[in-house]
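Worksheet for the structure shown next.
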Amino acid sequence: MEQTAKLIIDGKTYELPIIEGTEGERAIDISALRRDTGLITMDPGYPNTGSCESSITFMDGERGILRYRGIPVAQLAEHSSFRETSYLLINGELPTPDELNHFSVMLNDHSLVHEDMQHFFQNFPRRAHPMGILSSMVNAVRVFYPEIPEDTSQEAINITFSRLLSKVRTMAAMSYKYSKGHQVVYPSHRLSYCANFLNMMFDSPVKPYEIDEDMVRALNVFWILHADHEQNCSTSAVRLVGSARVNLYAAISAGICALWGKFHGGANQAVVEMLQDIQDGGGDPAPFIARARDRNDPFRLMGFGHRVYKTYDPRARIIKQVCDTVLSKLTYSDPLLDIAMQLEEVALKDPYFIDHHLYPNLDFYSGIILRAMGIPLNMFTVMFAIGRLPGWISQWKESVEDPHWKVHRPRQIYQGKTERDYVPMGERVTKVS
Ligand code: SDX
């Protein structure tokens, strides 16, 4: 028996269908609301609005659950690789050995960037933010591979996905080398996806980079934890831009730009800047907690709070464990980690944070790992983008294949001036300021 919701407007009752997901989530289907009632709904920022039905990632914000294609993210962090998790997100199933090997060969074969693209990198200012470079270069890659929309064979689509997954990693490392005025390090067929990135970032003719398997493992876990997160801001940007049927590269470039914001993926950089401010102020987090509580102060405690999680972000727990592993391996302590742990302890006991269900999110500790790896601060969000790329690709693919596809075009309620006539210049009265 179909479940319905009853809506009474101006004395008339409307029945709206209720749809239920495989995990028991329910939604009121309002797709015929305006046609039947003449009214729309209003939900700024969409906290109560579903944009699609998806089979990729399940989150339960109250219970702190996160699963990719049904597999708990903690199990993937423990047993999987970023390469394998990317395959899972995009294809829906864990790969067989042959499938994973073929995927690895594709990633390797498409890891080089067209030599002509070096000119683009050479003409960015050295201090250009790498997120701006990355979003530009992802669009630029499209220019070098124009065959995408015509050739829709599965192999062509798989090549497009592999090309993006592999080249974005290469271009991120290239942007770092150019920012330092150092020569670019090319990807090596001898190295795995994550080891290749670290080598492209840190290898040098005068100081060869030694692959540290613990660092490679930490980077795999870091990127697995960032790989997807259902309909977050940047994924929604990819779906919205993609709904106009632009090519994948343009949609991904839009996702990179959305992720850049400090209230989204840019928070990992903002957290470390906040921790450095606390350190510079003597190390006492109390003034920052006070500012975060002050409703008249727009300051937000970076790395805390989440639109969906109203408990500890399950990824933050794992990231914190990786932090401890990486720092103990390097036998060095990061004073910012000590400040972060003190800040967390104080905040989690504070009534404001308790009442608002504000807990550390993924970005709170991720910057500590990146610092330990030697990743520069302005590349922190680039690291998030590389991790989120398989999620964006899988969500874009699902939206393109969605039988209920529509161009995303929300409505509005107009609150401006009602109809009035044009006033000739001579009749306009200048406002006395
Ligand atoms: C990511 O959506 C995703 O899944 C994102 C992400 C992913 O993997 O894609 O998880 C990645 O973006 C994580 C979030 C990173 N951003 C930050 O750490 C920035 C700091 N956090 C906040 O700006 C905030 O918590 C948001 C933006 C993350 C979520 O905020 P919401 O859901 O839009 O809620 P809100 O801003 O309306 O806040 C609700 C209340 C307000 O207080 P009241 O006016 O109701 O009294 O909570 C307060 C806010 O003032 N609040 C905070 C706070 N976060 C919310 N107060 C102080 N510090 C904070 N961090």
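Basis for what follows: all heavy atoms, side chains included, without hydrogens, waters or symmetry-related copies. We count ligands from 1, going down the list as the structure has it; atoms in each ligand are counted the same way. Sequential numbering from 1 along the given sequence is applied to the chain's residues.
- When hydrogens are left out, the protein atom nearest atom 14 (C) of ligand 1 is Asn361 ND2, 3.5 Å; that is the closest non-hydrogen contact.
- His264 ND1, 2.9 Å is the protein heavy atom nearest to atom 12 (O) of ligand 1.
- Contacts between Val271 and ligand 1 below 4.0 angstrom, taking non-hydrogen atoms only, are absent altogether.
- Close contacts of ligand 1 with Ala267, meaning ligand atoms under 4.0 Å from a residue heavy atom, involve 15 (C), 16 (N), 17 (C), 18 (O).
- For atom 23 (O) of ligand 1, a protein heavy-atom neighbour is present inside the 4.0 Å cut-off.
- The aromatic rings of Tyr209 and Phe202 are tilted relative to each other, their planes meeting at an angle between 30° and 60°.
- Residue pairs satisfying the ring-ring contact (aromatic ring centres under 6.0 Å, His included) criterion with at least one member in residues 369-409, sequence neighbours excluded, are listed as follows: His226-Phe384.
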Go through it in stages, so that I can follow the logic: the residues are Phe82 and Tyr193, the test is ring-ring contact (aromatic ring centres under 6.0 Å, His included), and I'd like the CA-CA distance, side-chain angles, deciding distance and then a yes or no.
CA-CA 8 Å; Phe82 177 59; Tyr193 187 93; 5.5 Å; yes
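- The single protein non-hydrogen atom nearest to atom 31 (P) of ligand 1 is Arg307 NE, 3.6 Å, given as residue, atom name and distance.
- Note: no N/O pair closer than 3.5 Å links Phe353 and ligand 1 by distance alone.
- For ligand 1, the polar-atom distance check against Asp313 finds no nitrogen or oxygen pair separated by under 3.5 Å.
- Per-residue contacts place Gly305 under 4.0 angstrom from the following atoms of ligand 1 (heavy atoms of the residue considered): 25 (O), 28 (C).
- The side-chain contact (heavy atoms from CB on, under 4.5 Å) test with Asp334 is passed by exactly one of Val272, Ile369, Val326, Ile368: Ile368.
- There is no protein heavy atom less than 4.0 angstrom from atom 26 (C) of ligand 1.
- Annotation: atom 20 (C) of ligand 1 to nearest protein heavy atom, Phe304 O, 3.4 Å.
- With hydrogens and angles left out, the side-chain atoms of Ser111 and Asn196 include no donor and acceptor closer than 3.5 Å.
- If you look at Arg388 next to ligand 1, the close heavy atoms, those under 4.0 Å, all belong to the side chain.
- Under the 30°/60° scheme for interplanar angles, the aromatic rings of Phe304 and Phe364 are found to stand perpendicular.
- Ranking protein heavy atoms by distance to atom 54 (N) of ligand 1, first place goes to Leu358 CD2, 3.6 Å.
- The shortest N or O to N or O distance between Asp363 and ligand 1 is not below 3.5 Å.
- Nearest protein heavy-atom neighbour of atom 4 (O) of ligand 1: His229 ND1, 2.6 Å.
- In this model, no donor atom of one side chain and acceptor atom of the other lie less than 3.5 Å apart for Ser104 and Asn101.
- With 3.5 Å as the limit, one finds no donor-acceptor pair spanning the side chains of Arg163 and Ser166.
- Residue Arg293 does not touch ligand 1, judged by heavy-atom distances below 4.0 Å.
- Results of the side chain to side chain donor-acceptor pair (under 3.5 Å) test with Gln395 over Arg239, His229, Glu230 single out Arg239 as the only residue that passes.
- For atom 34 (O) of ligand 1, no protein heavy-atom neighbour is present inside the 4.0 Å cut-off.
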Distance-only donor-acceptor hits, side chain of residues 284-294, under 3.5 Å, sequence neighbours excluded:
unit_1	atom_1	unit_2	atom_2	d
Asp284	OD1	Ala286	N	2.9
Arg291	NE	Asp297	OD2	2.6
Arg291	NH2	Asp297	OD1	3.2
Arg291	NH2	Asp297	OD2	3.4
Arg293	NH1	Asp350	OD1	2.8
Arg293	NH1	Asp350	OD2	2.8
Asp294	OD1	Asn296	N	2.8

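- Under the 4.0 Å distance rule, the nearest protein heavy atom to atom 18 (O) of ligand 1 falls inside the cut-off.
- Closest heavy-atom approach to atom 49 (C) of ligand 1 among the candidates His356, Arg315, Arg300, Met302: Arg300.
- Counting protein heavy atoms only, atom 5 (C) of ligand 1 is closest to His306 NE2, 3.6 Å.
- Checking each of Val382, Val141, Leu389 against Val168 for a side-chain contact (heavy atoms from CB on, under 4.5 Å) leaves exactly one that passes, namely Leu389.
- Between Phe121 and Phe124, the angle of the ring planes goes over 60°, which puts this pair in the perpendicular group of the 30/60° scheme.
- By the 3.5 Å distance cut-off applied to N or O atoms, Phe263 is counted among the residues near ligand 1.
- By the definition of a contact as any protein heavy atom under 4.0 Å away, atom 44 (O) of ligand 1 is in contact.
- Under the 3.5 Å distance criterion, the side-chain polar atoms of Thr311 are left unmatched by any main-chain donor or acceptor of Glu62.
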From CA spacing to verdict: salt bridge (Lys or Arg N to Asp or Glu O under 4.0 Å), Glu213, Arg217
CA-CA 6 Å; Glu213 287 308 328; Arg217 184 67 211 140; over 6 Å; no
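- The option with the heavy atom closest to atom 56 (N) of ligand 1, from among Phe364, Phe299, Tyr359, Tyr352, is Tyr352.
- Close contacts of ligand 1 with Gly303, meaning ligand atoms under 4.0 Å from a residue heavy atom, involve 17 (C), 18 (O).
- Here the protein heavy atom with the shortest distance to atom 58 (N) of ligand 1 is Leu301 N, 3.0 Å.
- No donor-acceptor pair closer than 3.5 Å links the side chain of His102 to the backbone N or O of Asp98.
- Of the protein's heavy atoms, at least one falls inside 4.0 Å of atom 2 (O) of ligand 1.
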